[in-house]
Amino acid sequence: QVQLVESGGGLVQAGGSLRLSCAASGRSTSTYVMGWFRQAPGKEREFVARINWTGGSASYADSVKGRFTISRDNAKNTQYLQMNSLKVEDTAVYYCAAGAVWAPQRSAYNYWGQGTQVTVSS
């Protein structure tokens with residue numbers, strides 16, 4: 001089993017930055033695809049970014065491409081999401097996830113964190 005705990009969320013003004021962290025415990029996630037998803041009120045949970053097990057390949061949703069950067073530190077069993085140039089529409093609960101398949105679909109991820117709130121004010 002893998003337990004995931006997100007941190008780093010908060011309130012920020014539009015144009016600002018936040019860095020989310022996701023710490024894993026229970027077993028190593030070094031061979032898992034790690035991802036970030038988000039869910040805004042009244043909306044479906046959507047894919048944000050994913051990174052392969054080596055950290056050498058990443059993929060982003062079009063809405064965050066060029067503004068967000070996903071990374072991981074396998075030695076620390078932790079992944080990160082650096083969010084720059086934040087927009088009001090980025091407001092959501094952000095979830096980290098771990099899975100065995102290189103895919104953006106929620107069904108590809110077996111383990112989920114509890115989420116961290118990101119609120120971007122205008």
Query raised in the report: Side-chain heavy atoms under 4.5 angstrom apart, residues restricted to Ile, Leu, Val, Met, Phe, Trp, Tyr: same cluster for Y95 and M34?
Result: no

Query raised in the report: Just by modelled atom types, is the G115 backbone N or O under 3.5 Å from a matching donor or acceptor in the E6 side chain?
Result: yes

**Report entry** Q117-T119 side chain donor-acceptor pair, cut-off 3.5 Å
**Finding:** yes

Report summary line: dist S57:OG -> I51:CD1 (nearest 0.5 Å) comes out at 8.5 Å

Query raised in the report: Is the side chain of Q82 donor-acceptor paired with the backbone N or O of T69 at a distance under 3.5 Å, no angle test?
Result: no

Query raised in the report: Roughly how far, to the nearest 0.5 Å, is OG of S59 from CH2 of W102?
Result: 5.5 Å

Report task. Measure the OG-CD distance between S122 and Q13 for me, rounded to the nearest 0.5 Å. Result -> 8.5 Å

Report task. Kindly determine whether M83 and L20 satisfy side-chain contact (heavy atoms from CB on, under 4.5 Å), including the steps that lead there. Result -> CA-CA 8 Å; M83 305 186 295; L20 304 183; 3.7 Å; yes

Query raised in the report: Which of these, V64, V12, T91, sits in a side-chain contact (heavy atoms from CB on, under 4.5 Å) with L86?
Result: V12

Requested in this report: Spell out, yes or no, whether V2 and Y80 are grouped together once hydrophobic residues are joined by side-chain heavy atoms under 4.5 Å, including indirect joins.
Outcome: no

Query raised in the report: Charged N to carboxylate O below 4.0 Å: is that the case for K65 and D62?
Result: yes

Query - Any side-chain donor near an acceptor of the partner, T29 and N77, under 3.5 Å - result: yes

Requested in this report: Taking the six-membered ring for Trp and the full ring for Phe, Tyr or His, determine whether the centres of F47 and Y60 are under 6.0 Å apart.
Outcome: no

Query - Donor-acceptor contact present, side-chain R67 to main-chain S85, <3.5 Å - result: yes

**Report entry** Y109 (side chain) donor-acceptor with A103 (main chain) under 3.5 angstrom
**Finding:** yes

Query raised in the report: Just wondering, more than 12 heavy atoms not from Q1 lying within 6.0 Å of its CD?
Result: no

Query raised in the report: Hey, does the Lys NZ or Arg CZ of R45 hover above the aromatic six-ring of W112, less than 6.0 Å from the centre and inside 45° of the axis?
Result: yes

Report task. Report yes if the side chains of F68 and D90 come closer than 4.5 Å at any heavy-atom pair, otherwise no. Result -> yes

Query raised in the report: Between the main-chain N or O of V118 and the side-chain N or O of R38, is there a donor-acceptor pair closer than 3.5 Å?
Result: no

Query raised in the report: Between T78 (side chain) and K76 (backbone), is there a donor-acceptor pair under 3.5 Å?
Result: yes

Query raised in the report: Taking atom CG of L4 and atom OH of Y111, what is their separation to the nearest 0.5 Å?
Result: 9.5 Å

**Report entry** Side-chain donor-acceptor contact under 3.5 Å, W36 with Q79
**Finding:** yes

Query raised in the report: Do T54 and N74 come close enough that some side-chain heavy atom pair is under 4.5 Å?
Result: no

Query raised in the report: In Å, rounded to the nearest 0.5 Å, how long is the span from CD of E44 to CZ of F37?
Result: 12.5 Å

**Report entry** Nearest non-hydrogen partners of G35 and I70, listed with the distance
**Finding:** CA-CD1, 4.5 Å

Requested in this report: Check whether any side-chain heavy atom of Q114 sits under 4.5 Å from a side-chain heavy atom of V5, and report yes or no.
Outcome: yes

**Report entry** Salt-bridge criterion met for R106 and E46 (N-O under 4.0 Å)
**Finding:** no

Query - Rounded distance [0.5 Å steps], OG in S30 versus CZ in R72 - result: 7.0 Å

